[in-house]
Q: 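Have a look at this one.
Residues take their numbers from the sequence shown, with the count starting at 1.
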Amino acid sequence: MISAEDWKQEQERLELVTEKLQARIAELAPEVEGLHNQAVDIRKQFWEEVTVNTSTDEDFEETFYSIRQQEALLSERERSHRQRVQQWKNMKRLLASPYFGRIDFHEDGLSSTEQVYIGVSSFVDSDGMSFLVYDWRTPIASMYYDYSPGAAGYDTPDGAISGTMKLKRQYQIRDAVLQNVFDTSVTIGDELLQQVLGKGADNQMKSIVATIQKEQNAIIRDDKNRMLIVQGAAGSGKTSAALQRVAYLLYKHRERLKADQIVLFSPNPMFNSYVSTVLPELGEENMQQTTFQEYLDHWLGGTFRVEDPFDQIEYVLTEASTGGYEARIKGMEYKASADFLQALQNYAQWLEQQGMRFTSIRFRDRDLITAKQIESTFYSYDPSIRMTNRIIMLQEWLLRELALLESKEREALWVQEELDYLDKDQYAEAYHALHKERGVFDFAEQYEEVRERLDGKGRPDEGDFDYAEREEELLRRMIVKEQFKPLKRSVKRLLFIDMAQLFVQLFQDEEAFKKMTNGAEMPSLWPEICEQTKEKLGRLELFYEDATPYLYLKELIEGVRTNTEIRHIFVDEGQDYSMFQYEFLKKMFPRARMTVLGDFGQAIFAQATELYGEESPLIWLYGESETSLFRLVRSYRSTREIVEFTRSLLPNAKEIIPFERSGRKPLLSKADDGEKRAARIAEHLAALQAEGFDSIGVITKTAAESKEAYNLLKAQGCQGLKLVTKSTPTFEKGTLVIPVYLAKGVEFDAVLIYDASSQTYHRESERKLFYTACTRAMHRLLLYTAGEWTPFIQALDESLYEIEQ
């Protein structure tokens, strides 16, 4: 704490800043309302102020510039209104807590020391020169996160500034009232962080700008390379840092970067709601948020039913005793590998010379253009021309051929039959076309005239037209054109390429695979993998592990459908993505920089990718010189006792450092059977709720186990239970019963592991799953079994947990 005199000075300054904020808010309010009304009035009167006259070129030009002038006036008023509204919102946001930190900095070469107060946005005094509060994203504010008192400095667009930090201070201000003040040294003070971390979990992630640590600040402000990789222990704040990074990028590049040019790929839809308030808290609009599955469904959903990653992991966790399981697992691993990526690239090169599969263009149960003709034409092109360019040439040839065939088709017998069944509107349309040819443009009058002259069959009398022959020609053209539209549309969409067969062709047999992929190695059980893949495709379905390779091959052949507007891609739970998915994202967003966040200790999916170290293939996605690597080893989410327990579950997690926040050791509770276990859990839930924990997770291994736990606990009289499934749209407070793979990325005050028995968690491949479940806990971790404990617990030192007697 600080001295009484310092406290008095800080209190007086807070009151002064609060008064100035209130005055500025009051000053902005009528401006905001006035500019809004002006913009509304201009919109209403837009055409009243413009005289549209196109009689002469001069009149047209005058009208054009009059519209441009009104448009510019409206645009200026709306821009001014947006700016004032943003300022007004920033002031309102600051009012409850104007700042959270302060540094006193003496710049080398100057005589005075500047007091720099830091908050979530800037606030300048009425003179327009004096900063009462600096935005945390400004260059000078970076010293607050990076330095302790002593030599310090920061970078500016004009060069580096060096000097001495005389003081570093933290504040807790609530509703414009000073609660606490701390002088700190090496890091953001543990006192403040202790209080923040000691609070309960929320249903939405909060901003961490007041407690950003030095290593997180480096991630937030890194703006040099195209790829930024963050390997962070569970609870290390990697996702929080990433969201503050978005806010920093939007601030630093505000003239050329907008929120809708940033995309966050989340692990599931529920996570999107969990992080949706962080950027608005900081005065920024939310970026685009989606899941990779949504992208797969967008591109493939019209052709296949695509398995999602949650159905895939349910198979992995529940079907170990079924036939074909080992082959499926081998297939998952291989199809996510860099080896298969290279095999597909080799396959695409082979297809440039032979093996392309096309679909005949059929019309009225006959082939107009056969697959053989299409293939022959494709391979007639110069082999040196790139595959995608040859596809475009083929598409243009097909459209020309269809135009010729359409012309010939007008004389077919079926067209005459169609003529006999045309309705009045279609004849009127032809009549109108004929009259347009003769220069008669009063369509409404002529249209009514022809309808009156139609006989009961819906056809004109013979004497009504001087151009009966021309009329029939037009009608034939109209009939055939309408029938050929779907054919042309399918050619424009490249549906003449038989992509499904091209993919199936890879899985015929070992010898063919080696030939087509330039000798690529195959995993064991390859014949069985091939049969599973073909059987699934035969039902117009795709395994999750096949979806991205299929899409990747499609892009290699047809060309990449790029989005050049997106500038930044953020991938959360990045260890759960395959190299195919990263390659696809790179191709899809060629102008975007990528930030990947994850923890290989939580790599629970078969397609996991190592994020950090020399073995990580991600380093070579953009090249080593274009990649920044960060490792976060301090865990802030859980108490020291929980971190010591969870890090002992993994063989390579000893480097994880717990934050010094103490609590109870994890509690192990053993019951005689499943019913008594449920009763024990219900008893503990009631006690935790009575303690004030309002965010509790009952974590299960699978969806089926979640449903079982939910029903048993409801039967025990547990109140407020919510069952979470893969389709649950939002993350809510309360007591959630949830499979572990859906709990990734979120946290709870207390976590109850529904079944920690050796029957449920016994395979080595489930170790990371169990670790992930346990690391969701902030304050309390309770584990239950109705049999023997999982070997992961049996191997632990007994001092790491308590046993309920």
Q: When you check the gap from the basic side-chain N to the acidic O, do Asp104 and Arg102 get nearer than 4.0 Å?
A: yes
Q: Take a 6.0 Å sphere around NZ of Lys8 and say whether it holds more than 12 heavy atoms from other residues, nucleotides or ligands.
A: no
Q: Which atom pair, heavy atoms only, marks the closest approach of Pro98 to Val17?
A: CB-CG1, 4.0 Å
Q: Taking atom CG of Asp223 and atom CZ of Arg221, what is their separation to the nearest 0.5 Å?
A: 11.0 Å
Q: Can you tell whether the side chains of Lys238 and Asp599 come within less than 4.0 Å, N to carboxylate O?
A: no
Q: Can you measure from CZ (Arg776) to CD1 (Ile738) and round to the nearest 0.5 angstrom?
A: 10.0 Å
Q: Between Arg137 and Glu284, does at least one N-O distance fall below 4.0 Å, as a salt bridge requires?
A: yes
Q: Look up atom CD in Gln289 and atom CG in Leu279, then write down how far apart they are to the nearest 0.5 Å.
A: 8.0 Å
Q: Is any side-chain N of the basic residue among Lys224 and Glu626 closer than 4.0 Å to the acidic one's carboxylate O?
A: no
Q: Any idea which heavy atoms bring Tyr577 and Gln581 closest together, and the distance?
A: CA-OE1, 3.1 Å
Q: Taking everything shown except Gln22 itself, do over 12 heavy atoms lie less than 6.0 Å from its CD?
A: yes
Q: Would Thr595 and Arg245 count as having a side-chain donor-acceptor pair, cut-off 3.5 Å?
A: yes
Q: Can Arg637 be said to sit on top of Phe748's aromatic six-ring, NZ or CZ under 6.0 Å from centre and within 45° of the ring axis?
A: no
Q: Run the ring-centre check on Tyr251 versus Tyr248 and record whether the distance is less than 6.0 Å.
A: no
Q: Could you go step by step and tell me if Asp749 and Ser695 meet the side chain to side chain donor-acceptor pair (under 3.5 Å) rule?
A: CA-CA 5 Å; Asp749 292 333; Ser695 174; 4.9 Å; no
Q: Work out which heavy atom in Ala96 is nearest to a heavy atom in Ile173; give both atom names and the distance.
A: O-CG2, 3.7 Å
Q: If we count only N and O atoms by modelled type, under 3.5 Å, do the side chains of Glu10 and Tyr171 hold a donor and an acceptor together?
A: yes
Q: With His779 as reference, evaluate Arg664, Arg661, Glu747 under the side chain to side chain donor-acceptor pair (under 3.5 Å) test and give the passing residue.
A: Arg661
Q: Would you say the rings of Phe123 and Phe131 are close, in the sense that their centroids are separated by under 6.0 Å?
A: no
Q: For Ser130 and Asp127, does a side-chain donor sit closer than 3.5 Å to a side-chain acceptor?
A: yes
Q: Is it the case that Asp572 and Ser266 place a side-chain donor and acceptor less than 3.5 Å from each other?
A: no
Q: If you take all heavy atoms of Ile220 and Trp136, which pair is closest and at what distance?
A: CG2-CZ3, 4.0 Å
Q: Using the rule ring-ring contact (aromatic ring centres under 6.0 Å, His included), only one of Phe105, Phe100, Tyr99, Tyr134 pairs with Tyr117; which is it?
A: Tyr99
Q: For a quick test of reading the model, state the closest non-hydrogen atom pair linking Ala242 to Leu597 and the distance between them.
A: CB-CD1, 3.3 Å
Q: Between Gln11 and Gln9, is any side-chain donor less than 3.5 angstrom from a side-chain acceptor?
A: no
Q: What are the two closest non-hydrogen atoms of Asn268 and Leu742, and how far apart are they?
A: ND2-O, 3.6 Å
Q: Measure the CZ-CD1 distance between Arg169 and Ile118 for me, rounded to the nearest 0.5 Å.
A: 13.0 Å
Q: Is there a side chain to side chain donor-acceptor pair (under 3.5 Å) between Gln689 and Thr735? Walk through the geometry before answering.
A: CA-CA 9 Å; Gln689 290 164 349; Thr735 301; 3.0 Å; yes
Q: Should we say atom CD of Gln719 is surrounded by more than 12 heavy atoms from elsewhere, each under 6.0 Å from it?
A: no
Q: Answer yes if the side chains of Thr627 and Asn225 hold a donor-acceptor pair under 3.5 Å, and no otherwise.
A: no
Q: Using 4.0 Å as the upper bound for N to carboxylate O, is an ion pair formed by Asp125 and Lys20?
A: yes
